[in-house]
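Throughout, numbering of the chain's residues begins at 1 and tracks the sequence.
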Amino acid sequence: MSFTVAIVGRPNVGKSTLFNRLVGKKLALVDDTPGVTRDRRPGDARLMGLTFTIIDTAGLEEADAESLQGRMRAQTEAAIDEADLSLFVVDAKSGLTPVDTDLAEMLRRRGKPVVLVANKSEARGSDSGFYDAYTLGLGEPTPISAEHGQGMLDLRDAIVAAIGEDRAYPAKEDVAVTDVDIPQTEGEDSDEDEEPTYDETKPLRVAIVGRPNAGKSTLINRFLGEDRLLTGPEAGITRDSISVEWDWRGRTIKMFDTAGMRRKARVIEKLEKLSVADALRAIRFAETVVIVFDATIPFEKQDLQIVDLVLREGRAAVLAFNKWDMIEDRQAVLADLREKTDRLLPQARGIRAVPISGQTGWGLDKLMQSIIDTDKVWNKRISTARLNRWLETQQVQHPPPAVSGRRIKLKYMTQVKARPPAFMISCTRSDALPESYTRYLINGLRADFDMPSVPIRIHFRSPENPFEGKKRRT
């Protein structure tokens, strides 16, 4: 990306709507309630041939620095300092307020380029608000409608004029082709059963989930080494699922902070429903999910439901017992947590659980190593030859049951996919195979191929009977 743009303005002027318009996706939560956005959210924007990084920010308000609104303002000011250009959005429909005037003065003191944007200009009676925007002293306002996509060409021209054509349209460098993949030709040796090695360099997507006030945002801030995400003693601060990138031992980690998920019966407000839905999308997009438990009150019913949800979605899961610095008798508590993990989460046998402290940073390296180890298992592939030798041994040790006097035969097994590992077994009368035998095979796979904690899928398929449906000759 050539440059960075921050969208700023008072609450409820349409900043998140404009952000979604520029990135082409509904990434940011949008609602009529003022103050929906709290953290700063980056995105890749495209505007009629112009590409840049866009940052959505919280509405700027005058507030005490220690209050929630004050901490939100600090996040927005950090985004302004980080950006090369600010889009100052005002509401042409409702007109200017004293807050707009104060914000204009703050942006002027920063000394960075500013594009004044008069949003909601399609509304009836917006002309007076549009002309009032001239009084801010930030140049000619650009009338747009973020909701309907009107005025985007004028916005593009205003951005180019403010940032300069050289930065807006950087010259593309010629890329030399160095590595060419040569396909394997016939006659060359190939091993279809070769198990691929794990790629230690590919970026990893990790979602952090849990109940409200479990310390998710504090944990990510500690990983980053800066106050990137809004935190505080209040429960439910995070609303949007915010992604941040950082490097851990040379590997790119894309981590998603999500809103706390309460019990479904308690989620009544529309905004909280949107936040929870956004968190669920982050879980589906991630590869590994860290479920953060409050070590002082672990294994609430909602904690168990979140773990079950993650496993049903097929994600690799790791448990993090946060606030470990508040535990006094750590050995006794740790033994109790291990016992409860095995007893209350039988569907996640062998799941990795790490005690940590997001406040002090204790145990974070061990947590990251557990995330990497779990992702390796989630990506694991096993050769067909090894699987069929294993399947034969399992049937000798514990033969499939006989149903109605006819024994079920398991003939062939292969892995059909990874992420999570899924297997197909060809057998007779697959519909009659009891669930208990499926669990026996899954537990055997976990133990014999070192596959703890990740969900394992086994599908059974019976070959088609060519004589089925045909009348028997007499």
Side-chain angles (χ1 to χ4, degrees), residues 3-22 28 30 32 34-37 40 45 47 50 52 54-63 65 69-70 72-164 167-168:
F3 58 97
T4 303
V5 176
I7 305 177
V8 298
R10 60 182 172 86
N12 215 31
V13 294
K15 298 184 298 299
S16 295
T17 304
L18 177 58
F19 174 85
N20 288 341
R21 172 69 58 182
L22 293 176
V30 177
D32 293 335
V36 172
T37 304
R40 61 187 196 266
L47 182 59
L50 199 63
F52 52 94
I54 191 77
I55 304 177
D56 188 23
T57 65
L60 282 166
E61 297 180 272
E62 293 293 338
Q69 288 74 18
M72 290 163 57
R73 182 185 178 92
Q75 287 283 325
T76 301
E77 291 180 354
I80 295 172
D81 294 335
E82 176 186 343
D84 303 302
L85 168 72
S86 295
L87 296 183
F88 181 26
V89 183
V90 297
D91 190 336
K93 181 180 177 182
S94 62
L96 298 184
T97 67
V99 176
D100 290 316
T101 305
D102 294 339
L103 298 181
E105 181 61 29
M106 184 195 74
L107 290 171
R108 200 164 20 246
R109 288 197 303 267
R110 287 291 199 282
K112 291 188 174 183
V114 178
V115 172
L116 183 59
V117 180
N119 193 27
K120 307 180 186 180
S121 294
E122 85 287 358
R124 183 177 300 175
S126 62
D127 290 344
S128 60
F130 170 75
Y131 289 114
D132 284 346
Y134 279 94
T135 63
L136 295 174
L138 294 174
E140 181 180 356
T142 303
I144 70 164
S145 171
E147 185 173 359
H148 301 289
Q150 298 175 6
M152 293 296 110
L153 179 60
D154 293 335
L155 179 60
R156 191 274 309 268
D157 294 341
I159 292 175
V160 172
I163 200 71
R167 297 203 58 186

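Atom OG1 of Thr142 sits about 8.0 Å away from atom CZ of Phe130, to the nearest 0.5 Å. Between atom CG of residue Asp84 and atom CZ of residue Phe3 there is a gap of 8.0 Å, rounded to the nearest 0.5 Å. Remark: Ile159 CD1 to Asp154 CG distance equals 11.5 Å, nearest 0.5 Å. Within the model, atoms CG of Asn119 and CG of Asn12 stand 10.5 Å from one another, a figure rounded to the nearest 0.5 Å. For the atom pair Lys15 NZ and Asp91 CG, the distance stands at 10.5 Å (nearest 0.5 Å).
Taking the side chain as every heavy atom from C-beta outward, Val5 and Leu87 approach each other to under 4.5 Å. Within the 4.5 Å cutoff, the side chain of Ile163 has no heavy atoms near those of the Phe52 side chain. Two residues are said to be in side-chain contact when any heavy atoms from C-beta on lie closer than 4.5 Å; Thr101 and Leu136 meet this criterion. Counting only heavy atoms from C-beta outward, the side chains of Leu155 and Leu18 approach each other to under 4.5 Å. Between Ile144 and Met152, the closest side-chain pair of non-hydrogen atoms falls below 4.5 Å.
Here the closest heavy-atom approach between residue Leu107 and residue Val8 is recorded as CD1-CG2, 4.0 Å. Nearest heavy-atom pair, Ala58 versus Met72, reported as atom, atom and distance to 0.1 Å: CB-CE, 3.9 Å. Closest heavy-atom contact between Ala79 and Thr57: CB-CG2, 3.6 Å. Looking at every heavy atom in both residues, Ala104 comes nearest to Leu138 through CB-CD1, 3.9 Å. Closest approach of Ile80 to Lys112, counting heavy atoms only: O-NZ, 3.4 Å. Of all heavy-atom pairs between Glu140 and Tyr134, the closest is CG-OH, 3.4 Å.
Shown here are the side chain to side chain contact (heavy atoms under 4.5 Å, CB included) partners of Glu122, two or more places apart in sequence or in another chain: Lys120, Ser145, His148, Gln150. Under the side chain to side chain contact (heavy atoms under 4.5 Å, CB included) criterion, Arg156 pairs with Leu47, Met48, Leu50, Leu153, Val160, Tyr169, sequence neighbours left out.
Distance alone, capped at 3.5 Å, is enough to place a donor-acceptor pair between the Arg21 side chain and the Glu147 backbone.
A salt bridge links Arg110 and Asp81; the closest N-O separation between the charged side-chain nitrogens and carboxylate oxygens is under 4.0 Å.
The only option from Val117, Ile7, Val13, Leu103 that meets the side chain to side chain contact (heavy atoms under 4.5 Å, CB included) definition with Phe88 turns out to be Leu103.
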